[in-house]
Amino acid sequence: MIRFTPVALAVLTLAAAPALAQTTRPQAPVQRTTPPQITPPAAPAASPAPGSEEWLRLRGETYRAAPEAEQDPAEVAETSRLNAAIVARNNAAERRENEAIAAWQAENTRWRAEVARLETERAQWEADAAASEAARLRYERERAAWAAEVAACERSPRTCGTSTPKD
């Protein structure tokens with residue numbers, strides 16, 4: 001049976017790692033003997049739009065698509081082939097994941113049905129055991145009452161209306 005929870009936690013941890021690495025821990029306040037210097041706040045830098053030339057340049061990347069006439073046809077064909085292979089692998093992985101999820105759901109449904117069946121059997125067994133115990137207690141009470149009646153008859157033949165045989 002496949003457990004998705006540990007995998008999901010690992011993916012979330014990996015996704016959050018860059019953000020966690022950039023956070024700073026709070027530090028204890030520093031005791032100052034002189035009043036702090038007040039500096040005017042810096043003007044907020046406008047952040048460039050993701051994917052723009054400025055955004056790429058700030059990250060040290062310089063990417064400019066060459067005009068169609070300057071692109072190498074072999075490189076374009078190879079890139080297309082690699083992209084198609086990536087898409088095929090992604091589709092196959094998604095299909096396998098969907099199949100695994102469906103298999104897990106089917107197994108989970110089967111397991112839940114089995115648990116429900118066993119719980120029903122357990123409840124029936126408990127009811128049967130309780131009924132058996134009640135019948136045993138009733139039998140013991142009736143047996144004790146009968147034994148008391150027989151003992152009373154043996155002590156006094158007139159009480160039972162029967163005569164006891166004489167030796």
Side-chain angles (χ1 to χ4, degrees), residues 1-31 41 44-52 55-56 58-61 63 76-167:
M1 191 159 118
I2 298 173
R3 301 275 182 188
F4 289 103
T5 304
V7 173
L9 288 175
V11 168
L12 287 175
T13 303
L14 288 174
L20 293 174
Q22 293 177 3
T23 58
T24 57
R25 293 200 170 108
Q27 299 178 356
V30 177
Q31 296 291 335
S47 60
S52 68
W55 186 79
L56 290 171
L58 288 174
R59 283 158 183 72
E61 299 180 23
Y63 173 77
V76 171
E78 181 65 16
T79 302
S80 295
R81 185 187 66 75
L82 291 173
N83 287 343
I86 291 169
V87 168
R89 280 196 313 266
N90 288 348
N91 289 339
E94 185 177 356
R95 188 186 76 253
R96 284 191 308 272
E97 182 181 8
N98 289 338
E99 289 170 355
I101 289 170
W104 179 83
Q105 288 174 339
E107 184 62 24
N108 189 35
T109 301
R110 188 203 60 77
W111 175 78
R112 289 183 186 279
E114 180 71 9
V115 167
R117 183 187 65 78
L118 291 174
E119 285 295 319
T120 301
E121 285 182 7
R122 183 188 58 77
Q124 184 62 50
W125 179 85
E126 287 176 355
D128 291 348
S132 173
E133 181 65 14
R136 184 187 65 78
L137 291 173
R138 186 179 69 244
Y139 168 78
E140 288 178 359
R141 282 192 308 273
E142 289 174 359
R143 175 88 166 95
W146 174 80
E149 187 178 332
V150 169
C153 284
E154 288 176 350
R155 283 192 303 271
S156 169
R158 290 189 201 159
T159 309
C160 298
T162 60
S163 58
T164 57
K166 301 211 183 217
D167 290 334

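Separating the CZ atom in R96 from the CG atom in N98 is a distance of 11.0 Å, to the nearest 0.5 Å. Remark: R117 CZ to R122 CZ distance equals 13.5 Å, nearest 0.5 Å. Here CD of E133 is found 14.0 Å from CD of E126. Values are rounded to the nearest 0.5 Å.
Considering only heavy atoms from C-beta on, I101 comes within 4.5 Å of E97 through its side chain.
Under a 3.5 Å cut-off, the side chain of T120 and the backbone N or O of A116 do form a donor-acceptor pair.
Among all heavy-atom pairs drawn from W55 and A49, the shortest one is CB-O, 3.1 Å.
In this structure E78 satisfies the side-chain contact (heavy atoms from CB on, under 4.5 Å) test together with R81, L82, sequence neighbours excluded.
Atom CZ of R112 sits in a sparse spot, with 12 or fewer heavy atoms from other residues, nucleotides or ligands closer than 6.0 Å.
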(Q) Using the rule given for salt bridge (charged side-chain N to carboxylate O under 4.0 Å, His left out), can you reason through R143 versus E140, listing the C-alpha separation, both sets of side-chain angles and the distance that settles it, and then say yes or no? (A) CA-CA 5 Å; R143 175 88 166 95; E140 288 178 359; over 6 Å; no
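Defined by atom type and a distance below 3.5 Å, a donor-acceptor pair is missing between the side-chain atoms of N90 and E94.
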